[in-house]
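Worksheet for the structure shown next.
FYI, side chains are in, hydrogens and waters are out, and symmetry mates aren't considered; it's all heavy atoms of this structure. These figures come from a predicted structure and were not determined experimentally.
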Amino acid sequence: MKIGCGAPVSGAWATADNLARFAIRAEELGYDSLWTFQRLLVGADQELAPVYRSVLDPLIALGFAAAHTSRIRLGVAVLNLPFVSPAHLAKQAGTLDLLSGGRFDLGLGLGWSAPEFAATGASTARRGARTEEYLRVLRTLWADEVSEFSGEFYQLPPSRMEPKPVQRPGPPVLLGGVVPAALARAGRLADGWMSSSRTDLTGIAEQIAVVRGAAEQAGKDPAAVRIICRGAVRADDRGRGLTAPDGTRQRLSGSYAQIREDAAWLGEQGVTELFYDLNWDPLIGHPEADPRTAALRAEEVLHGLAPSGS
């Protein structure tokens, strides 16, 4: 199973110096990938977790990280497609893939925050059907010399978009979502599925089965479908970790040894890629955490969980 990590994009440690330094160090330590996430804004009266209060733009942050690295893959988990047109995102994603030398993974979600839908003028109606058309527009713009699309939601007159991305026919597209319809859509239409920070990992095998079952029904090789898990890690050198609703230790919390054991367990459930996301640690990703302490803690965890054992 491939191991990645979350980039410094939220809260106290989300600075230019940290983003460059952690991207370089993650690559040196043998991490396979570096991931960002999107939060456009938070409503003034909206009660969300502190991790969402101060977040860098995910694609600009990845472009910055790309300039400081040469091997590590760069992914967004996820960017909410209702908030931007497919033509605009096709240009951004293609450019990022080109400038990074073909290292970009595009994770897409449908969004859930009402203030963000209002602020972007997006619609929540028939989001599944919209997603299918959205992916078709992305793919024709990346792959075809002359692209054209006429659908219910999106129109693309005969057009050329250059330069093309390095990865052909385009960057891998990964879909999020937790309800059965979203899981099936990921298996049917995308290159993989991504879990969220709120995924109950005890049931992830059942979710993976839905994804792969839909892929097989669509004539795809289910074993080739990528399954990416965001690991909201909470490292604790005392080994106690967080308590799950059933009274047991929450997965991916506790000592480094326990977190590694959980990673191996996730591999047995069918996860093909796991990234440790430190933005969800309140001592790191909270906007009011001490920036220096947050960076030191993040660096310690990054080393402690490094796949190379460094």
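- Residue pairs meeting the side-chain hydrogen bond (donor to acceptor under 3.5 Å, both in side chains) criterion with at least one member in residues 207-225, sequence neighbours excluded, do not occur.
- Checked for salt-bridge contact, R126 and E133 miss the test: no charged N lies under 4.0 Å from a carboxylate O.
- W193 places no side-chain N or O within 3.5 Å of a backbone atom of G187 that could act as its donor or acceptor partner.
- Counting only residues at least two apart or on different chains, the side-chain hydrogen bond (donor to acceptor under 3.5 Å, both in side chains) pairs with a member in residues 222-232 are D105-R226, R226-E273, R230-D277.
- Taking the side chain as every heavy atom from C-beta outward, V51 and H286 never approach each other to under 4.5 Å.
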Do any side-chain atoms of residues 43-50 form donor-acceptor pairs under 3.5 angstrom with protein atoms, and if so which ones, sequence neighbours left out?
| unit_1 | atom_1 | unit_2 | atom_2 | d |
| --- | --- | --- | --- | --- |
| Q46 | OE1 | G43 | N | 2.9 |
| Q46 | NE2 | S113 | OG | 3.1 |

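- For the pair L302 and A26, the tightest heavy-atom approach, listed with the atom from each and the gap, is CD2-N, 4.2 Å.
- M161 and L81 fall within the same hydrophobic cluster, defined by Ile, Leu, Val, Met, Phe, Trp and Tyr side-chain heavy atoms under 4.5 Å apart, directly or through other members.
- With sequence neighbours left out, the side-chain hydrogen bond (donor to acceptor under 3.5 Å, both in side chains) criterion links R185 to no other residue.
- In terms of modelled atom types and a separation under 3.5 Å, the side chain of R127 and the main chain of G111 share a donor-acceptor contact.
- Summarising the geometry, atom CG belonging to L110 is positioned 7.5 Å from atom CG belonging to L175; distances are rounded to the nearest 0.5 Å.
- Transitive grouping of hydrophobic side chains (ILVMFWY, heavy atoms separated by less than 4.5 Å) keeps V9 and V301 in distinct clusters.
- For the side-chain hydrogen bond (donor to acceptor under 3.5 Å, both in side chains) test, residues two or more places apart in sequence or in another chain that qualify with Q155 are S150.
- One distance of note links CD1 of I3 with CG of L274; it measures 4.5 Å at 0.5 Å rounding.
- Cluster annotation: L283 is not connected to V233 through the hydrophobic network of ILVMFWY side chains, with a link wherever side-chain heavy atoms come within less than 4.5 Å.
- Between the side chain of Y154 and the backbone N or O of A87 there is no donor-acceptor pair closer than 3.5 Å.
- To the nearest 0.5 Å, atom CD of residue E299 and atom CZ of residue R21 are 5.0 Å apart.
- Remark: K164 NZ is packed, more than 12 non-hydrogen atoms of other residues, nucleotides or ligands lying under 6.0 Å away.
- Under the side-chain contact (heavy atoms from CB on, under 4.5 Å) test applied with F149, the options D144, L156, L138, L141 reduce to a single match, L156.
- The other members of the hydrophobic cluster of L40, by chain and number, are L41, F83, F117 (side-chain heavy atoms under 4.5 Å, ILVMFWY only).
- Put simply, W13 and Y52 are part of two different groups of oily side chains (I, L, V, M, F, W, Y) that touch within less than 4.5 Å, one to the next.
- At least one side-chain heavy atom of Y31 sits less than 4.5 Å from a side-chain heavy atom of Y276.
- Counting only heavy atoms from C-beta outward, the side chains of P82 and R130 never approach each other to under 4.5 Å.
- Checking side-chain atoms of T272 against main-chain N and O of I227 turns up a donor-acceptor pair under 3.5 Å.
- A pairwise comparison of heavy atoms in S100 and L74 identifies CB-CD1, 3.9 Å as the closest pair.
- With values rounded to the nearest 0.5 angstrom, L34 atom CG is found 7.0 Å from L62 atom CG.
- Without hydrogens or angle criteria, T248 side chain to A244 main chain gives no donor-acceptor distance under 3.5 Å.
- For the pair F64 and L56, the minimum side-chain heavy-atom distance is 4.5 Å or more.
- Residue R234 holds its CZ atom at 4.5 Å from CG of L242, rounded to the nearest 0.5 Å.
- Residue R292 qualifies as open at atom CZ: its count of foreign heavy atoms under 6.0 Å is 12 or below.
- Every pair passing salt bridge (charged side-chain N to carboxylate O under 4.0 Å, His left out) that includes a residue from residues 48-57 is listed here, sequence neighbours excluded: R53-E288.
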One pair to check against side chain to side chain contact (heavy atoms under 4.5 Å, CB included): I208 and V271. What are the steps and the verdict? CA-CA 8 Å; I208 293 170; V271 171; 4.0 Å; yes
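- Proximity of a side-chain donor or acceptor of D32 to a complementary backbone N or O of G4 within less than 3.5 Å is not detected.
- Between W142 and V173 the shortest side-chain heavy-atom distance falls below 4.5 Å.
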Would I284 and N279 satisfy side chain to side chain contact (heavy atoms under 4.5 Å, CB included), going step by step from the backbone distance to the final call? CA-CA 6 Å; I284 297 173; N279 290 289; 5.8 Å; no
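- For the pair I259 and L305, the tightest heavy-atom approach, listed with the atom from each and the gap, is CG2-CD2, 3.8 Å.
- For D262, the salt bridge (Lys or Arg N to Asp or Glu O under 4.0 Å) partners two or more places apart in sequence, or in a different chain, are R249, R251.
- With a 4.5 Å cut-off on side-chain heavy atoms, P86 and K91 do not count as touching.
- In terms of hydrophobic clustering, with Ile, Leu, Val, Met, Phe, Trp and Tyr side chains grouped at heavy-atom distances under 4.5 Å, M1 and L201 are assigned to a common cluster.
- The hydrophobic cluster of I24 has no other members, since no ILVMFWY side-chain heavy atom comes under 4.5 Å of it.
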Run the side chain to side chain contact (heavy atoms under 4.5 Å, CB included) check on N80 and T120 step by step: do they pass? CA-CA 11 Å; N80 294 306; T120 56; over 6 Å; no
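- Without hydrogens or angle criteria, S147 side chain to T140 main chain gives a donor-acceptor distance under 3.5 Å.
- Side-chain contact, D17 with T15: no donor N or O sits under 3.5 Å from an acceptor N or O.
- Between P307 and G30, the shortest heavy-atom distance links the atoms CG-O, 3.3 Å.
- One distance of note links NE2 of H303 with CD of E28; it measures 8.5 Å at 0.5 Å rounding.
- Taking the side-chain hydrogen bond (donor to acceptor under 3.5 Å, both in side chains) definition, one finds that S197 meets it with W280, sequence neighbours left out.
- Screening Q92, R103, Q167 for a side chain to side chain donor-acceptor pair (under 3.5 Å) with D97, the sole residue that qualifies is Q167.
- Annotation for R136: atom CZ does not count as buried by contact number, only 12 or fewer foreign heavy atoms lying within 6.0 Å.
- Counting non-hydrogen atoms of other residues, nucleotides and ligands closer than 6.0 Å to CD1 of I60 gives a total of 12 or fewer.
- With sequence neighbours excluded, the residues forming a side-chain hydrogen bond (donor to acceptor under 3.5 Å, both in side chains) with D281 are R297, listed by chain and number.
- Other residues, nucleotides and ligands contribute only 12 or fewer heavy atoms inside 6.0 Å of the CD atom of E145.
- Hydrophobic clustering, defined by side-chain heavy atoms of Ile, Leu, Val, Met, Phe, Trp and Tyr closer than 4.5 Å, groups M194 together with W35, V78, L174, I228, F275.
- The cationic group of R39 lies under 6.0 Å from the six-membered ring centre of W112 and within 45° of the ring axis, placing it in a cation-pi geometry.
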Please evaluate residues F104 and L59 with respect to the criterion side chain to side chain contact (heavy atoms under 4.5 Å, CB included), reporting the C-alpha separation (whole Å), side-chain torsions for both, the decisive distance (0.1 Å), and the verdict. CA-CA 10 Å; F104 180 52; L59 298 186; 3.8 Å; yes
